[in-house]
K.L.:
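Sending over a structure as structure tokens; questions will come in a sec.
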Amino acid sequence: MPATKTLPQCAEDAIETAIDEAVDEDPVVLWWDDGGYLHDIVESVSHSLGCEFHAADQTPLELRTDAPRNRTVWYVPQGHSDDVDWFKDVENTGSVVEAHIGKLAARCFENDRLQAASLRTAYEDADENERKQVAKTLFQELNGDGGLPDLQSLQTRIVLDGYDDSVQFILEHGVENLPDNSDELLKIRNLLVDDGVTAVEGVTDEDTLVTRTRRWAVAEWLVDAGLDESFFDAEYRPEPSSGLGISRPELQSLLSKVDPERAEELADIYLDPDTTFWHDILRTYDDPWELADCPVDASLEHELWDEWTQAFHDGEYETCETRASKRHQRLETTYGDVPWTLVWEQAIEVANLAHELETWEERGDTTDVVDLYGDVDNGTWQIDNAVFNLIISGEPEQDLPEEHPATATLADLRTSLTESRYLDYLSDLGDLVVDQIEAGSPFVGKNYAHQFFEQEQDHLQSGQSVALFIVDALRFDLAHELAEAVRRELPGLEVDETAWVGTLPSDTEYGKAALTPGSKFSFNIELEDGELFPERNGRKITNYRREKLLKDDGWSYIMQSEDHESGWGQPRVAYYWNDLDKAGEEELTDFEGVFSDRIDSIARIICEKLGNNGFDRAYILADHGFVSLPQSVDIDDIHPPDEAEKVTRRWVAGENFDEDTPGVLLDEDTHLGYLDDDTKISALADPIQRFRNQGLPDARFYHGGVLPQEFVLNFVTITQE
């Protein structure tokens, strides 16, 4: 039965009645309020009725210090006592109202006064702390804001400390905050039964009450997800009046409204393997993925993972990706970033990588490794990206309960992909590069890094403001991440990605030298006195020479440092970020995580400079890429040939190499355009080969060879739309 009046309306009725019944025409109405929670209401109503209002502060006797001349309401924030006879005159000529907030609340239910008396007794029987909460609940519900409540919901709020839904209170809090008093517990049980939880009928124990309520709610959600209700005993079947299909199950409704921190706590309850709700049903269910929209039973979660793992081992990677995405979305929507959610997020990465490794040769022409690897939309660079993302996503299963099957399977899946199948892919890709180079003229018609300044001269010399961001060791996939960051942060800019062929050998010295002003014919790499060095216009390119060439060509030259501000006011800026290569060479265990942080840093700098300085055009360029080996791999340390004059980890240079020289030969016959007639370079394509005594044997980061990851580069062009 809904309330018919608000507390202010009932207070107004009480004062008006008191005035009408008084002997005096301008009486004093004395209001005794045990607890003092009606002060603001009585004051407001008094003024609206044209009465003066005076409230006692320390003692009721204070009200006698100023004799009233007009209609007045005297308010005393305490209960009336027969020992006090200070107000006999008021009792004889005026009126007295004895009404605390519980009594006044009962008057709000004119059509159900007998049941509404429970509001009065709930207030009067509560201890001091509980009385404050009861008063707060009554005031919030009956002050007129947001409509009038029905009596049952108000009684529920009082019993449950402000909650108006007994079912959701139990589902969220369990035994927490349940009353110690058995009579109060029975009230809650009866409220649950009234709300359709027939499974708790006759229950007198709080733990059993909670367990059965939660079990009932999980059954309700499973039915909503598609499980036939005949699987459950009658007391656990949803009531026909529950409106399934129209309104959400109780537990789903609860989880859609709780704050994220509380949702994490509830995940520990409803996905706890020690608190499975319907194990016997779910472990024998033919297709658990039919119920994947239900995120509240550990038994279902385990069955889903086992089925998913079996599909993975059967090679059904696209199915695995679809299913993992569905389950991840459901858990993320329900609980946020909890361990169960993160495990399915990684399962998406695992399935995606497995599918890409299975189908990479179907992506393009295997006789053109630049297009095969460097196609922006469909190139196999995405495999490197998938491996990178999988590694930096960590080991989320470590935060799950030990009983979850992912704790025994997910690590093996990651390892097989990143340390075995990925290595096989790198080896096969290297063989394709060797075949293409040995076939002659391997990269005809491609964009070459050493031709950048000439090829882009119309834009670089146009008078527009231009920024060059030259990032050391920026592999194709990492350049794509930077491009995506710019797209997200500065959507008003046009961002294009293009594959370019870097300089071989793909080391910093030659890659950066290639990205200096000059014609494509002026760049050369020569071997002299056992040293291989790059030239522009017949002069060796050193760091000093590169800086001078850029400054002579009108560029402001900025090196990465703690101060990125100096020089940005110029119309043409060349900014060098060297931290990636340094981090890769020095970090032997977690450089994927280090690289992820570095990419975030350079992305912030690029977006800041583009946003603040408004360049007409900008480029993100790379000198070379890199290969990341698995964490556990046996390196084949091979002997460099006796004829080698220059020996590094991934390449050797000399003037005379025979056909047995390890690696693939780069000379004038490959038509790269910058090796002189006498200079020959043999570069390694096999990912686990390294020339002996050159670098640390356990280093996971390397470059200088001829895998596409090392020399196929992603140049990003950014323009104002």
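Side chains included, hydrogens not; waters and symmetry mates left out as well; all remaining heavy atoms used.
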K.L.:
Less than 4.5 Å apart, side chain to side chain, heavy atoms only: is that true for Ile170 and Leu178?
P.N.:
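Yes - at least one pair of side-chain heavy atoms lies under 4.5 Å apart.
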
K.L.:
Would the Trp289 and Trp308 ring centres measure less than 6.0 Å apart?
P.N.:
no

K.L.:
Do the side chain of Thr198 and the main chain of Glu235 share a donor and acceptor less than 3.5 angstrom apart?
P.N.:
yes

K.L.:
Going by heavy atoms in the side chains, are Glu332 and Trp344 under 4.5 Å from each other?
P.N.:
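Answer no - side chains too far apart.
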
K.L.:
Between Asp34 and Arg131, does a salt bridge (Lys or Arg N to Asp or Glu O under 4.0 Å) hold up when you go through it step by step?
P.N.:
CA-CA 11 Å; Asp34 186 10; Arg131 179 175 286 192; 3.7 Å; yes

K.L.:
Counting only N and O atoms by type, is there a donor-acceptor contact under 3.5 Å from the side chain of Thr407 to the main-chain atoms of Glu403?
P.N.:
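Flag not set: sc Thr407 to bb Glu403 has no pair under 3.5 Å.
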
K.L.:
Are side-chain heavy atoms of Cys51 and Val73 found at a separation under 4.5 Å?
P.N.:
yes

K.L.:
Ignoring hydrogens and geometry beyond distance, is a side-chain donor-acceptor pair present between Trp305 and Thr409 at under 3.5 Å?
P.N.:
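Yes.
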
K.L.:
Could you check if a side-chain atom of Tyr317 sits within less than 4.5 angstrom of a side-chain atom of Glu321, using non-hydrogen atoms only?
P.N.:
no

K.L.:
Is Glu497 paired with Arg487 through a side-chain N to carboxylate O contact shorter than 4.0 Å?
P.N.:
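Yes, this pair counts.
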
K.L.:
Please check if the side chain of Ser46 supplies one atom and the backbone of Val42 the other of a donor-acceptor pair under 3.5 Å.
P.N.:
yes

K.L.:
Does any part of the side chain of Arg214, heavy atoms only, come nearer than 4.5 Å to the side chain of Thr275, both counted from C-beta?
P.N.:
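They are not in side-chain contact.
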
K.L.:
Given side chains that start at C-beta, do those of Glu250 and Val197 come closer than 4.5 Å, heavy atoms only?
P.N.:
no

K.L.:
Show your reasoning for whether side-chain contact (heavy atoms from CB on, under 4.5 Å) applies to His39 and Asp33.
P.N.:
CA-CA 8 Å; His39 178 283; Asp33 176 16; 5.8 Å; no

K.L.:
Is the Tyr236 to Trp278 ring centre distance short of 6.0 Å?
P.N.:
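When the ring centroids of Tyr236 and Trp278 are compared, they turn out to be within the sub-6.0 Å range.
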
K.L.:
Taking all non-hydrogen atoms of both residues into account, name the closest pair between Leu142 and Ala105 and its distance.
P.N.:
CD1-CB, 3.6 Å

K.L.:
Look at the side chain of Glu481 and the backbone N and O of Ile599, then say whether any donor-acceptor pair between them is shorter than 3.5 Å.
P.N.:
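No; judged by distance alone, with no hydrogens or angles, the pair does not exist.
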
K.L.:
What's the spacing between Glu229 CD and Asp224 CG if we round to 0.5 Å?
P.N.:
12.0 Å

K.L.:
Within the distance-only criterion (no hydrogens, no angle test), does the side chain of Asp314 pair as donor or acceptor with the backbone N or O of Glu316 below 3.5 angstrom?
P.N.:
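It does not hold such a pair.
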
K.L.:
Does Glu124 pair with Lys103 as a salt bridge, N-O distance under 4.0 Å?
P.N.:
no

K.L.:
Quick one: side chains of residues 346-357, donor-acceptor pairs under 3.5 Å with protein atoms, not counting sequence neighbours, listed by atom name and distance.
P.N.:
from	atom 1	to	atom 2	distance (Å)
Gln346	OE1	Arg414	NH1	2.7
Gln346	NE2	Ser393	OG	2.7
Gln346	NE2	Gly394	O	2.9
Glu356	OE1	Ile383	N	3.4
Glu356	OE2	Arg363	NH2	3.4

K.L.:
For the pair Leu171 and Leu255, evaluate side-chain contact (heavy atoms from CB on, under 4.5 Å) and give the outcome as yes or no after the intermediate values.
P.N.:
CA-CA 10 Å; Leu171 294 179; Leu255 289 170; over 6 Å; no

K.L.:
Go through the steps for Gln115 and Phe109 under the test side-chain contact (heavy atoms from CB on, under 4.5 Å), then give the verdict.
P.N.:
CA-CA 9 Å; Gln115 293 295 325; Phe109 294 86; over 6 Å; no

K.L.:
In this structure, which one of Leu304, Asp293, Thr322 forms a side chain to side chain contact (heavy atoms under 4.5 Å, CB included) with Arg327?
P.N.:
Leu304

K.L.:
Looking at Glu318, I want to see if its CD is surrounded by more than 12 non-hydrogen atoms of other residues, nucleotides or ligands under 6.0 Å.
P.N.:
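At most 12 heavy atoms, drawn from other residues, nucleotides or ligands, come within 6.0 Å of this atom.
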
K.L.:
Please report the interatomic distance NE2(His100) to OH(Tyr123), rounded to the nearest 0.5 Å.
P.N.:
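Reported value, rounded in 0.5 Å steps: 6.5 Å.
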
K.L.:
Would Arg107 and Asp13 pass as an ion pair if we require N to O under 4.0 Å?
P.N.:
no

K.L.:
What closest approach, in Å, do Ile101 and Leu138 show between heavy atoms, and which atom pair accounts for it?
P.N.:
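Minimum heavy-atom contact is O-CD1, 4.0 Å.
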
K.L.:
Could you walk me through whether Val203 and Leu192 satisfy the side-chain contact (heavy atoms from CB on, under 4.5 Å) test, starting with their C-alpha distance in whole Å, then the side-chain angles of each, then the deciding distance to 0.1 Å, before giving a yes or no?
P.N.:
CA-CA 11 Å; Val203 171; Leu192 290 169; over 6 Å; no

K.L.:
Quick one: closest heavy-atom pair of Val45 and Glu12, and the distance?
P.N.:
CG1-CA, 3.4 Å

K.L.:
Can you name the closest pair of heavy atoms from Leu300 and Pro288 and give their distance?
P.N.:
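Smallest heavy-atom distance, with atoms named: CD1-O, 3.8 Å.
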
K.L.:
To the nearest 0.5 angstrom, please state how far the CG atom of Asp297 sits from the CZ atom of Arg215.
P.N.:
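The CZ atom of Arg215 is 9.0 Å from CG of Asp297, to the nearest 0.5 Å.
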
K.L.:
State whether the side chain of Tyr37 and the backbone N or O of Phe139 hold a donor-acceptor pair below 3.5 Å, judged by distance alone.
P.N.:
no

K.L.:
Might you confirm whether atom CD of Glu128 has over 12 heavy atoms from other residues, nucleotides or ligands at distances under 6.0 Å?
P.N.:
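Open.
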
K.L.:
Atom CG in Leu413, atom OG1 in Thr418: separation rounded to 0.5 Å?
P.N.:
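Spacing of CG (Leu413) from OG1 (Thr418) equals 10.5 Å.
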
K.L.:
Donor-acceptor pair, distance only, cut-off 3.5 Å: does the side chain of Arg283 make one with the backbone of Ser299?
P.N.:
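Flag not set: sc Arg283 to bb Ser299 has no pair under 3.5 Å.
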
K.L.:
Hey, are the side chains of Phe231 and Leu222 touching, using non-hydrogen atoms and a 4.5 Å cut-off?
P.N.:
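In short, these two side chains do not touch, never coming nearer than 4.5 Å.
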
K.L.:
Looking at Gln9 and Thr4, what are the two nearest heavy atoms and their distance?
P.N.:
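It is OE1-O, 4.3 Å.
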
K.L.:
Give me the ring orientation class for Tyr270 and Phe277: parallel if the planes are under 30° apart, tilted from 30 to 60°, perpendicular past 60°.
P.N.:
parallel

K.L.:
Nearest 0.5 Å please: distance from the OH atom of Tyr335 over to the CG atom of Leu331.
P.N.:
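The CG atom of Leu331 is 7.0 Å from OH of Tyr335, to the nearest 0.5 Å.
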
K.L.:
State, yes or no, whether a side-chain contact exists between Phe53 and His47 at a heavy-atom distance under 4.5 Å.
P.N.:
yes

K.L.:
If I take atom OG from residue Ser182 and atom CZ from residue Arg189, how far apart are they, to the nearest 0.5 angstrom?
P.N.:
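If I round to the nearest 0.5 Å, the distance is 10.5 Å.
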
K.L.:
What are the two closest heavy atoms between Gly144 and Thr6, and how far apart are they?
P.N.:
CA-CG2, 3.6 Å

K.L.:
May I ask you to decide if Ile281's main-chain N or O and Thr284's side chain share a donor-acceptor pair within less than 3.5 Å?
P.N.:
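Yes, Thr284 side chain to Ile281 backbone: donor-acceptor pair under 3.5 Å.
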
K.L.:
Give the C-alpha distance, both sets of side-chain angles, the deciding distance and a yes or no for salt bridge (Lys or Arg N to Asp or Glu O under 4.0 Å) between Glu489 and Arg604.
P.N.:
CA-CA 9 Å; Glu489 184 69 21; Arg604 287 193 295 270; over 6 Å; no

